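Just so it is clear, the model here is predicted, and its values are computed rather than measured. Computation of the quantities below employed the complete heavy-atom set of this structure, encompassing side-chain atoms and omitting hydrogens, waters and symmetry-equivalent molecules.
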Amino acid sequence: MSAEIASEAHGPTAGEYIKHHLQHLQMDFSFAAREQKGIVDFSLFNLDSVFWSLVLGVIGCFVLWRAARKATSGVPGRFQAAVEILVEMVENQAKGVIHNAKSRKLISPLALTVFVWIFLMNFMDMLPVDLLPLLWQTTTGDHHAFMRVVPTADLSTTLGLSCSVLIVCLVYNIKIKGLGGWAHELIAAPFGDHWALYPINFLMQMIEYVAKTVSHGMRLFGNMFAGELVFMLIALMGGAWAVSGTGIGLAIGHVIAGTVWTLFHILVITLQAFIFMMLTLIYTGQAHEAH
């Protein structure tokens, strides 16, 4: 799995290998290559995360479109049955959280799209660590070219998704309660409708919105980043054995650890997609309710 380490006798150290794989393909808005210096830098973006997110989004939409186009009223095939089970699961979860049937016509498909899209982005972590980065380096002719292929292991992606959910919640707050009703709720809840409590209520409401949005994105990012890092550590075991040619235990450990973590990670990527989808439903459902 660790192609870079195995290819050169004097390859990078373990720390350099991991650092290289954790670096995004970053560019500014004139598409000139740049490297982020600070914790937050809005003058550049991670081109690899944007590219793979768009590609996987198109694939997810195509799969769902294909299922809808080929759907029949008779006995469904395996593909149609699998998609129908997924759609029914999302619809049942939406009914339990959002009691407004009109709202569910938009929110249920949104939640389905979120689940499929995030699952596909998470699934990129199941590919060999060095496969796509090595193909990119070969294509560009630059042995040091950066490429990360798991969009959900990028905090900018997950926070972008959670901020999108926040916008949907704000829209439904205004749509269901009216601008005046929602504005009154911001200052009258949760401690009561009294002028002396208005500043405290408003502060608590802002803290709630920020906390929900940040935790929504951080939860997905943290799990996927950790999973990606574990795969890199497992790759280093095989790379160390390939370079040294000794220590058969490293090779055996590489295979066993890789297999066990891959099987466990299948559950993780599915569960994280489901959790993000459920929180999307819960937060939009809360937007329909008055304090």
Side-chain angles (χ1 to χ4, degrees), residues 21-64 90 106-125 127 132 146-174 206-229 268-287:
H21 276 272
L22 292 179
Q23 176 63 43
H24 286 280
L25 175 60
Q26 296 179 322
M27 293 189 175
D28 59 23
F29 290 94
S30 62
F31 288 94
R34 278 189 54 194
E35 187 172 341
Q36 183 173 337
K37 299 300 182 181
I39 297 177
V40 178
D41 189 348
F42 292 109
S43 65
L44 53 80
F45 62 96
N46 298 332
L47 182 60
D48 43 13
S49 294
V50 173
F51 174 78
W52 290 113
S53 296
L54 291 175
V55 169
L56 295 169
V58 170
I59 292 174
C61 290
F62 175 77
V63 169
L64 295 176
V90 174
L106 175 63
I107 296 176
S108 293
L110 173 64
L112 176 63
T113 303
V114 164
F115 177 83
V116 173
W117 194 16
I118 291 180
F119 175 81
L120 291 175
M121 289 192 287
N122 291 351
F123 191 81
M124 295 295 286
D125 210 10
L127 300 177
L132 293 178
F146 299 117
M147 173 61 70
R148 290 184 69 182
V149 301
V150 186
T152 45
D154 179 4
L155 185 59
S156 60
T157 301
T158 58
L159 285 181
L161 289 169
S162 63
C163 286
S164 299
V165 174
L166 173 64
I167 293 173
V168 172
C169 292
L170 297 180
V171 169
Y172 272 101
N173 266 301
I174 297 173
M206 293 302 103
I207 292 174
E208 179 183 353
Y209 278 117
V210 172
K212 289 194 299 187
T213 302
V214 172
S215 64
H216 199 189
M218 288 293 292
R219 182 182 292 103
L220 176 60
F221 161 74
N223 281 277
M224 296 313 301
F225 182 86
E228 185 182 35
L229 189 59
V268 172
I269 64 176
T270 306
L271 184 60
Q272 288 305 311
F274 179 79
I275 291 174
F276 198 97
M277 179 206 72
M278 282 302 303
L279 289 175
T280 300
L281 290 173
I282 290 171
Y283 293 158
T284 51
Q286 289 176 345

Show your reasoning for whether side-chain contact (heavy atoms from CB on, under 4.5 Å) applies to Val116 and Val63. CA-CA 9 Å; Val116 173; Val63 169; 5.9 Å; no
Taking atom CZ of Phe123 as the centre, report whether more than 12 heavy atoms of other residues, nucleotides or ligands fall under 6.0 Å from it. no
Got a second to check how far Asp41's CG is from Gln26's CD, nearest 0.5 Å? 8.0 Å
According to the salt bridge (Lys or Arg N to Asp or Glu O under 4.0 Å) rule, which pairs have a member within residues 147-164, sequence neighbours left out? Arg148-Glu228
Between Met121 and Leu56, what is the shortest heavy-atom contact and its length? CA-CD1, 3.6 Å
What are the two closest non-hydrogen atoms of Phe225 and Ala153, and how far apart are they? CD1-O, 3.9 Å
Measuring from atom CG of Leu271 to atom CG of Asn223, what distance do you get when rounded to the nearest 0.5 angstrom? 8.0 Å
Please walk me through it: do Val168 and Thr280 pass side-chain contact (heavy atoms from CB on, under 4.5 Å)? CA-CA 9 Å; Val168 172; Thr280 300; over 6 Å; no
Taking all non-hydrogen atoms of both residues into account, name the closest pair between Leu44 and Glu35 and its distance. CD2-C, 4.1 Å
side-chain contact (heavy atoms from CB on, under 4.5 Å) assessment of Thr152 paired with Phe276: CA-CA 11 Å; Thr152 45; Phe276 198 97; over 6 Å; no
Step by step, would you call Met147 with Trp52 a side-chain contact (heavy atoms from CB on, under 4.5 Å)? CA-CA 10 Å; Met147 173 61 70; Trp52 290 113; 3.4 Å; yes
What's the separation between atom CG in Leu159 and atom CG in Leu166, rounded to the nearest 0.5 Å? 11.5 Å
Between Thr158 (side chain only) and Leu155 (backbone N and O only), is there a donor and an acceptor less than 3.5 Å apart? yes
Are Trp117 and Leu161 packed together at the side-chain level, in the sense that at least one heavy-atom pair is separated by less than 4.5 angstrom? yes
Rounded to the nearest 0.5 Å, what separation is found between the CZ atom of Phe42 and the CD atom of Gln36? 9.5 Å
For Phe45, all residues meeting ring pair (Phe, Tyr, Trp, His ring centres under 6.0 Å), sequence neighbours excluded: Phe29, Phe31
Donor-acceptor contact below 3.5 Å, side chain Gln272 vs main chain Ile275: no
Heavy-atom check, side chain of Met277 versus side chain of Ile118, under 4.5 Å: no
Mark yes or no for whether Ser162, through its side chain, and Thr213, through its backbone, hold a donor-acceptor pair below 3.5 Å. yes
Could you walk me through whether Phe146 and His24 pass ring-ring contact (aromatic ring centres under 6.0 Å, His included), step by step? CA-CA 6 Å; Phe146 299 117; His24 286 280; 9.6 Å; no
Heavy-atom pair with the smallest gap, counting every atom of Leu281 and Ala111: CD2-CB, 3.7 Å
Flag side-chain contact, heavy atom, 4.5 Å: Tyr172 against Leu106: yes
Thr284 and Cys169: which non-hydrogen atoms are nearest, and at how many Å? N-SG, 3.7 Å
Could you tell me whether the side chain of Asn46 and the main chain of Asp48 form a donor-acceptor pair under 3.5 Å? no
Which heavy atom of Arg219 sits nearest to which heavy atom of Leu279, and what is that distance? NH1-CD1, 3.0 Å
Would you call the rings of Phe119 and Phe115 parallel, tilted or perpendicular if under 30° counts as parallel and over 60° as perpendicular? parallel
